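Here the structure comes first, spelled out in structure tokens, and everything after it is commentary.
The structure displayed is predicted, hence computed values, not measured ones. Atoms within each ligand, like the ligands themselves, are counted from 1 in listed order.
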Amino acid sequence: MSKFWSDIVHKLTPYVPGEQPKLDNLVKLNTNENPYGPSPKVIEALKLEATDTLRLYPDPNSDALKVAIAGVHHLNTNQVFVGNGSDEVLAHVFQALLKHSRPLLFPDITYSFYPVYCGLYDIEYQTMPLAEDFTINVDDYDQPNGGIIFPNPNAPTGIPLALVEIEKLLKKNTQSVVVVDEAYVDFGTESAVGLINTYPNLLVTHTLSKARSLAGLRVGYALGHPDLIEALMRVKDSFNSYPIDRFASAGAIAAMQDVEYFEETTRKVVETRATLVTDLTKLDFDVLPSGANFIFAKHKVKDGAELTALLRQKNIIVRHFKSPSRIAPYLRITVGTDEQSRILASSLSELL
Ligand SMILES: Cc1ncc(COP(=O)(O)O)c(C=O)c1O
């Protein structure tokens, strides 16, 4: 607290990211990073970028990156917005498209950054309870609103929502923006990107932090109707003209272009996830169906917080959420390599 703080700062409850401990020999399964490094072509592109041109500002519009992203998604470049991680893209989305007189709607169990943005931008919101089995019921969102946002697959549950349900939601909700946060979509969830040319109020956000192994580079993007993209550009150009630096641009372009590497690494993660689910089920865990690079699992007897602490003593970190109480029994476990999964399963079997 300080008399120098503005009123809004006093009221903020900032987001708390998963920890990044500076310890060796950790099995780090807490922040949904990719266990595989970025494509070798990304490393090559980054090395080439380390030149004298760093004295110059980057392209404020990131045109070359937009071309690469638009190419992958079969869209036009005026349907693409890029930012410093999808968190920054989302922040602009909240301010540019989701702040209206009616409340923004999102699930009660979801990405915990959403209420933080509402606090920062003073956006009224209402949370919609997930069903008993943690699924989203789109009929719940059939009410006046200033916008709708949810991740697909949802986080931290990992449960995917079928494309037909998203389309149902879009058909009923034509008067406000529907944002589908597809941070984890590449690990086996159907993408809504194909609906963008049909629904002018649909905005889809993606990140290069997960399936493209670039959490350290900070690149995310939004895809949607040019009018929605223009709103984001207006906010971005009132905030930071150069969110994508020269390294981020070069690395992200190479990552988007190396489709083969992306497909191979996501396939490996999905295969490891299947083995992990089988192993944990044998150890008496209930695992929610996952379309993400993480699973959400609860042991039939042992408490979630206790298991998290016990795993930590064995140098394995997973994520645990104390609230809401409905998810307190669960562990959110990032899918790592086969070797990391083996260490996790054998440690759990010793502990249980
Ligand atoms: C649902 C969801 N959306 C967005 C993000 C933000 O990703 P980034 O800022 O790394 O692009 C995350 C990060 O974990 C996430 O879980």
Side-chain angles (χ1 to χ4, degrees), residues 14-20 28-35 38 42 62 65 69 80-94 98 104 106-118 120 127 130 134 136 148-161 166 178-189 191-193 203-223 232 236 240 243-245 248-249 251-252 255-256 262 269 288 290-296 317-321 327 330 332-336:
Y15 175 75
V16 183
E19 58 172 330
Q20 298 287 350
K28 188 175 178 305
L29 305 174
N30 67 329
T31 46
N32 300 340
E33 289 136 336
N34 201 306
V42 170
S62 304
L65 176 56
I69 293 169
V80 181
F81 175 79
V82 293
N84 185 266
S86 63
D87 280 339
E88 185 188 80
V89 173
L90 287 167
H92 292 339
V93 169
F94 274 70
L98 303 177
L104 170 67
F106 52 82
D108 63 338
I109 296 165
T110 196
Y111 186 31
S112 48
F113 225 135
Y114 299 161
V116 176
Y117 294 131
C118 289
L120 179 61
T127 57
L130 294 180
F134 293 103
I136 292 175
I148 296 172
I149 184 166
F150 57 88
N152 194 33
N154 197 7
T157 64
I159 299 179
L161 182 66
I166 294 178
V178 175
V179 182
V180 186
D181 173 352
E182 294 191 346
Y184 302 100
V185 77
D186 298 308
F187 301 100
T189 295
S191 172
V193 169
L203 191 83
V204 179
T205 59
H206 276 209
T207 177
L208 275 76
S209 301
K210 315 294 178 182
R212 287 186 172 79
S213 310
L214 284 175
L217 205 63
R218 309 307 299 130
V219 182
Y221 56 93
L223 305 169
L232 297 174
K236 171 239 164 203
N240 177 7
I244 305 286
D245 65 50
S249 177
M256 293 308 294
F262 155 79
V269 170
L288 300 186
S290 171
N293 68 337
F294 58 87
I295 56 163
F296 209 46
I317 23 182
V318 299
R319 192 97 193 252
H320 176 254
F321 299 92
I327 60 168
Y330 285 81
R332 194 198 65 188
I333 306 170
T334 303
V335 178

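- For the residue pair Gly291 and Thr189, the shortest heavy atom distance occurs at O-OG1, 2.9 Å.
- Remark: the backbone N or O of Glu19 is paired with a side-chain donor or acceptor of Asn30 at under 3.5 angstrom.
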Atom pairs and distances, ligand 1 N/O vs protein N/O under 3.5 Å:
unit_1	atom_1	unit_2	atom_2	d
ligand 1	3 (N)	Asp181	OD1	3.2
ligand 1	3 (N)	Asp181	OD2	2.7
ligand 1	7 (O)	Ser86	OG	3.2
ligand 1	9 (O)	Ser86	N	3.3
ligand 1	9 (O)	Asp87	N	3.0
ligand 1	9 (O)	Asp87	OD2	3.3
ligand 1	9 (O)	Arg218	NH2	2.8
ligand 1	10 (O)	Ser209	OG	2.6
ligand 1	10 (O)	Arg218	NH1	2.8
ligand 1	11 (O)	Ser86	N	2.6
ligand 1	11 (O)	Ser86	OG	2.8
ligand 1	11 (O)	Thr207	OG1	2.5
ligand 1	11 (O)	Ser209	OG	3.4
ligand 1	14 (O)	Tyr184	OH	3.2
ligand 1	14 (O)	Lys210	NZ	3.0
ligand 1	16 (O)	Tyr184	OH	2.7

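- Classification of the Phe113-Tyr15 ring pair by plane angle, with boundaries at 30° and 60°, yields parallel.
- For Phe294 and Tyr184, the gap between ring centers is short of 6.0 Å.
- Both the sub-6.0 Å distance and the 45° axial angle are not jointly satisfied by Arg332 relative to the ring of Phe296.
- A donor-acceptor pair under 3.5 Å is absent between the side-chain atoms of Glu88 and the main chain of Pro243, judged by distance alone.
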